[in-house]
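Scroll down for the structure; my scribbles are underneath it.
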Amino acid sequence: MHLLASQSGVIDDGAEAVDLQQSPGDIVVISAADSELAALARAHGALKAPKPSLRLANLMALGHNLSVDTYAEQTLRHARLIIARVLGGRNYWTYGVDTIVSLATEQDIKIVLVPGGADADPELTAFSNVKPDDVERIRQYFSFGGPQNIANLLTFCSGMLDPGTVVTAPPPAPLPPAGLYWPGYAQANRQRIEQSWRPDAPVCAITFYRALIEGGLTDPIDALIDALRSNGLNPLPLYVSSLKDPASAEEISAQFDIARPAVILNATGFAVANSGRDDAANPFDAYDCPVLQTVFSGTSQQTWQDSSQGLPARDLAMNVVLPELDGRIMTRAVSFKADQDRDDATQCQIITYEPVADRIAFVAQLAANWAKLRGLQPNERRVAIVLANYPNRDGRIGNGVGYDTPASTINIMNSLKHRGYVVDDVPASGNALIEELQAGPTNNPHRSAALPVASLPLRNYLKRFNELPEKTRQSLSERWGEP
């Protein structure tokens with residue numbers, strides 16, 4: 001079997017073996033979180049010399065057994081301390097855990113195995129060969145998160161290498177599960193944020209994962225803040241552990257109660273509701289404003305551009321499909337994973353989120369438009385209801401699997417009228433609605449050609465037609481003739 005040179009940012013599902021091409025180091029840290037690896041590299045760079053050498057590896061690149069064997073031979077067997085943050089526990093990386101435990105016995109290496117989540121894992125602690133208190137302390141440094149805890153982690157680990165050396169490291173300190181953020185400030189507060197606000201401008205909240213703070217991966221947030229301000233909005237950025245986390249929900253409510261948002265930009269994945277059921281309170285519901293879903297993609301921009309489906313399945317599920325259960329409005333991906341230069345000190349390719357300027361600008365403008373719309377009275381708003389018009393028969397107009405679309409449309413129109421929207425001449429029933437629609441042009445190919453049809457001037461049609469891919473133009477012309 002051949003080995004591929006490591007490609008960061010590409011999740012190895014075990015199909016190919018890779019060589020991380022790292023020389024030995026005093027300390028090796030393995031983690032599946034790009035944000036953690038970025039924070040570790042940054043903290044190591046800030047340590048004063050003399051300092052132990054550090055190697056960083058992404059667990060996702062060590063999914064193939066041969067990848068583990070190669071890394072063990074080249075790097076792990078020469079380490080003095082190995083820390084593996086095992087996402088999912090031993091069962092999800094059995095070969096890797098067993099290899100590290102075996103190396104520790106053969107080479108007299110200190111090993112610390114901790115879970116990838118926030119809770120302790122007694123099985124992994126039992127596999128570690130240092131004091132349980134030290135394992136727990138290292139676990140807390142990781143789980144509490146934040147730049148200061150990561151820096152203190154490396155200081156603590158330096159002391160573990162040489163027990164005769166006195167190294168004092170502050171104990172792990174919890175990073176709040178949620179809080180305000182502002183570029184350039186370690187601890188933001190409302191006073192600092194509101195100094196940049198314009199009087200009477202609508203507030204646009206931005207909610208995003210705390211992991212971006214922990215790894216210093218906030219460039220897309222900073223870009224959104226600038227773009228929102230350029231569009232006349234007052235940004236209110238908050239980091240959260242999860243929208244389902246009670247402490248995060250409390251922080252959202254506390255901040256939104258002071259300044260109610262006109263629109264929310266949400267950059268967290270998944271949904272609060274479960275299959276449409278309100279299993280948990282949605283912290284956004286009380287504020288009755290549009291929630292726009294924006295995507296920080298887990299793939300590279302080039303991979304996205306080259307893919308016929310755009311976003312990969314994981315992004316689609318987390319950031320498009322599931323958020324719809326909460327009624328969020330999809331915008332678009334505004335940033336992608338990008339490689340920084342290989343960090344020479346840790347010999348690791350550091351992954352960051354790279355914002356895309358035109359996509360950031362689009363989402364900021366969209367947020368401004370929604371805020372403007374929310375500021376209008378219902379009778380000033382114009383609303384369209386679009387029904388399906390399938391090109392085979394009129395019996396499928398407004399077709400919807402499992403529900404009565406015509407009757408639902410009548411209910412929606414009456415509800416809008418009740419709330420002050422201008423809605424005239426509501427049909428008496430769903431059948432009446434369909435009959436009214438059928439009185440005009442439809443896509444039924446068997447209807448009389450005498451019915452009025454929608455048309456475009458030829459020059460306008462040709463302008464759009466010539467923008468289509470050549471293969472598409474050729475297929476259309478072969479089937480229907482030249483326009």
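Note: hydrogens, waters and symmetry copies are ignored here, and every other heavy atom, side chains too, is used. Everything numeric in this text was worked out from a predicted model, so none of it was measured. Each residue takes its place number in the sequence, starting with 1.
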Considering only NZ, NE, NH1 and NH2 on the basic side and carboxylate oxygens on the acidic side, decide whether [X] and [Y] come within less than 4.0 Å.
X      : Y      : result
Arg464 : Glu467 : yes
Arg328 : Asp326 : yes
Asp343 : Arg42  : no

Closest approach of [X] and [Y], non-hydrogen atoms and distance?
X      : Y      : result
Leu37  : Ile350 : O-CD1, 3.9 Å
Asp119 : Pro115 : O-CG, 2.9 Å
Leu62  : Val68  : O-CG2, 3.4 Å
Pro220 : Pro355 : CA-CB, 3.9 Å
Ala227 : Ile360 : CB-CG2, 3.7 Å
Pro237 : Ile225 : CG-CD1, 3.5 Å

Exercise. Does the side chain to side chain donor-acceptor pair (under 3.5 Å) test come out yes or no for Asp19 and Thr70, once each step is laid out?
Worked result: CA-CA 7 Å; Asp19 180 359; Thr70 303; 5.9 Å; no

Exercise. Less than 4.5 Å apart, any side-chain heavy atom of Asn319 and any of Gln293?
Worked result: yes

Problem set entry | Candidate pair Tyr181 and Phe208, rule ring-ring contact (aromatic ring centres under 6.0 Å, His included), full reasoning | CA-CA 10 Å; Tyr181 167 77; Phe208 60 96; 5.7 Å; yes

Problem set entry | More than 12 heavy atoms from other groups under 6.0 Å of CD on Glu106 | yes

Exercise. For atom CG of Asn466, is the number of surrounding heavy atoms from other residues, nucleotides or ligands below 6.0 Å larger than 12?
Worked result: yes

For this session: Taking ring-ring contact (aromatic ring centres under 6.0 Å, His included) as the test, write out the residues that go with Phe156, two or more places apart.
Result: none

Seminar exercise, completed: Test side-chain hydrogen bond (donor to acceptor under 3.5 Å, both in side chains), reference Gln107, set His78, Arg77, Arg80, output is Arg77

Calculate, to the nearest 0.5 Å, the distance between atoms [atom1] and [atom2] belonging to [X] and [Y] respectively.
X      : Y      : atom1 : atom2 : result
Trp93  : Leu113 : CH2   : CG    : 8.5 Å
Leu228 : Ile206 : CG    : CD1   : 5.0 Å
Ile264 : Thr294 : CD1   : OG1   : 14.0 Å

For this session: Identify, with sequence neighbours excluded, every residue that meets side chain to side chain contact (heavy atoms under 4.5 Å, CB included) alongside Thr75.
Result: Gln22, Val28, Arg55, Tyr71

Exercise. If only atom types and distance count, is the side chain of Ser102 paired as donor or acceptor with the main-chain N or O of Asp98 below 3.5 Å?
Worked result: no

